[in-house]
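Note: hydrogens, waters and symmetry copies are ignored here, and every other heavy atom, side chains too, is used. Letters A, B, ... mirror the listed sequences (proteins, then strands); counts begin at 1. What you see is a predicted model, and the numbers here were worked out from it, not measured in a lab.
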Amino acid sequence: MAKVTVDGIEVEVPNGSSVLQACEAAGKEIPRFCYHERLSVAGNCRMCLVEVEKAPKPVASCAFPVNDGMKVFTDTPVVRQARRNVMEFLLINHPLDCPICDQGGECDLQDQAYAYGADSSRYGEAKRAVKDKDIGPLIKTVMTRCIQCTRCVRFSAEVAGTPELGGTNRGENMEIGTYVEKALTSELSGNLIDICPVGALTSRPYAYVSRPWELKKTESIDVLDAVGANIRVDARGPEVLRIIPRINDAVNEEWMADRGRFSFDGLKRRRLDRPWVRKDGKLVAATWPEAFAAIATKFSALPGDRIGAVAGALADAESTLALKDLMAAYGSANLDCRDDGAAIDASRPEFYRFNTTIAGIDEADALLIIGSDPRKEAPVLNARIRKRWTQGKFPVGYVGPRGLDLTYPAQHLGETLAALEGSAFLETLKAAQKPMLILGRGALQRPDGAAVLAAAWKIAVETGMLTAEWNGFNLLHLFGGQVGGLELGFLPGAGGKDLNAMLAGGVDALWLLNADGFDPARIPASTFVIYQGHHGDAMAARADVILPGAAYTEKDATWVNTEGRAQRGLLAIFPPGEAKEDWRIIRAFSEGVGKTLPYSDASAIRLRLAQASPVFARVGEVVRAGIADTTGPAGDAGAVNTMPFVLPIPVYHQADVVSRASDVMAQCAAIYGPAPALAAE
Amino acid sequence: MTAPHHEEPASFAFDAESEAKIATIIKRYPEGKQASAVIPLLYVVQKQMGRLTGSAWVPRVAMDVVAERLGMPPIRVYEVATFYFMFNTRPIGKYHLQVCGTTPCWLRGSDEVLRACKDAGGLKGYGDTSADGNFTLTEMECMGACVNAPMIAVDDDYYEDLDYESTVKLIEALKRGERPAPGSVTGRRSSEAAGGATALTGAESE
């Protein structure tokens, strides 16, 4: 630790910290453009100049290491004048287009110019202009505004792991770009918009849409992948205008994936905004009482075990619980939340959670990936793996389709689990102190999924991933609603039928809660289908009754991410038309049929959630623990067949009902095409 | 200055001569630090292009080849190649006339040298390539031959102590395909006094 005095305030910071970090520890705000906590230090904007005792001239605090006994001054006439001069140089070539710039109001340069800018320019010569770059459908560029802080260059090279941006040419002619025109291939490209301190990189879908101060900001959770990135939903009136990440070091740091960020325009399209009931083979618009009556009539004629319910990828915990309680009231044990048919064994939470936790990846020292492409399935989590890899000594091996680009080097061990037999990589894992394994949910969607799960667990046991201090077994889910159902035990009860049995004619009425994970054609023609959801996708077309629900931005709901971390999203806008919050729909129906569920407001159902699973009693937190009992899941590890693994998300940008309804995502899908692994087939 | 359109070759591959050079160059750097060889390799590319096509430049496809050879992202090679003036990212003439216009050369008459280049080479100005494809004219900063100013560099050869007439003569010779001996055109050796040696004369004759 080094003792540093900043403007007379004494602070202690770790050796090797920068002066800027010491200043922050002392509560002094240092202006900066190029410096970013999560990127390497560039030291090229010079805005963070401070005075250090005995230094002959101001020093760039972001790149200057602290010394014990150092005295730093952040607000002297020299410092102010130096920063003013830096600002004057930055503004020489910066256009005066703040009124038409989308960054206006949340621009670092604009904000800092208030403090250090001159009232007028002394510069009379011609300003330089830089040609705008086309780097894809998500990011709009106005390169004349660029101050060449190179944050975007460092982000794409370091965090995203797709080094495609660079600074070409020199001096007056230096430009940031890809040199060869191309669309950025990162699934994290939206973060470039956030880290750009000026208006050079802005959101293309959000261009000229709004000003930050007009927006109502609501904290929420991204459910379009299972990371559960903390987000802020910015809405104006009835419309979501943009989604940006919030900082949560344990989950998403300050990044978020492109699908979660840009697919919200899908929330305005193909929405189910009123109930529908099938009459004479055709869906006709109905009222809520009519829709409820149709279901009640059908249910009253059926014994409990002929009724079933399936919860899907985007179902929130509240509605899943309400539906479970409703089914119990009908005496039905036919429940399944694995709408994609994944053979998950929920007898112990360790079998289906990301036990290492996302922050725990930082501690791991070897990684085996089975049947998963974390780059497509959870880009933010993949960035975390990459972050660990950049720190060195982190061998990564994967079993799955050949030629995956995970943004860090990974050894391809084979396309089937059999290839692992006698592999040297197993020895690497055994030699590691904290080895970990990521099993993709997609690997469990196969007919032998239970065997794959058991085999993966066996590998974890044999390579020493499961100890009293460390749990290296991880299941990577695909969507934000998948773990909640498992935590709540939305699974076949005693004598209950699972998804396959229900689809094989095991039930006469099927309540689908956001369940879009299987082919609607598998439902027998005689089955009465209730679809409760927010998008008119293929499953809704099959339904006999459609109950319009709320999308994740339109309800106060609890979501559980792949780690088993319950997080709460708040209502940003109201659901469209007659659509209602999902658990309230089920509650209202239960009252109508005289099986009233014992909760009528949000606090009551949350209390019930907390009783159902301890996960909901500690919202926002997750307990990381080792594992003492290494008994494996029920499947037979030896029964894995020789089918190569197929990845569950062929087109990253169109993986769920929301993104499939989105125009922006459709443009992306057209440009980026199907995943290379599939194109090779 | 906007870049005029030019044709990029469809592919690039090192020839045997270049491969031999690359082998020695890469050996200079420790394992895992091969990216350090990017500048020498770009030179190898430029030399090979000059040898094979008569225009010493670095096409974009060649940068990709270099990137692949050194295991670095292509953009990192683009950054280096576009940063240094010594790499021509567009085709140039057979002879690259690099005129020094920095103060010592300018005081000693580099404007005249420039005029001679334009007149004899058929060039309109800096950045221009002559219609016959022989010459490309580039303004360079000081190349360190101030003692023998003014000078120009033709590709890698320095020609010094120039004036209008001697520059024209040099360019005419280049046009004929000759390559005059580099160095001072007035015949003085290295940078000894212009009027001949005035000291240590005896020692030298021995």
*Asks:* Quick one: closest heavy-atom pair of A:N169 and B:T82, and the distance?
*Replies:* N-OG1, 2.8 Å
*Asks:* Using a cut-off of 6.0 Å, state whether more than 12 heavy atoms not belonging to B:F85 lie near its atom CZ.
*Replies:* no
*Asks:* Side chain from CB out, backbone as N, CA, C, O: work out which of these in A:T178 comes under 4.5 Å of a heavy atom of chain B, or both, or neither.
*Replies:* backbone
*Asks:* Between A:K131, A:R170, A:E164, which has the largest tally of heavy atom pairs under 4.5 Å with chain B?
*Replies:* A:R170
*Asks:* For atom NZ of B:K47, is the number of surrounding heavy atoms from other residues, nucleotides or ligands below 6.0 Å larger than 12?
*Replies:* no
*Asks:* So with a 6.0 Å cut-off around CD of B:E68, is the heavy-atom count from everything else above 12?
*Replies:* no
*Asks:* Take atom CD in B:E141; do more than 12 heavy atoms of anything else shown fall under 6.0 Å from it?
*Replies:* no
*Asks:* Show the nearest heavy-atom pair for residues A:G166 and B:R76, with the distance to one decimal.
*Replies:* CA-NH2, 3.9 Å
*Asks:* How long is the gap from CD on B:E79 to CG on A:L165, to the nearest 0.5 Å?
*Replies:* 9.5 Å
*Asks:* For A:Y123, I'd like to know if atom OH has over 12 heavy atoms of other residues, nucleotides or ligands within 6.0 Å.
*Replies:* yes
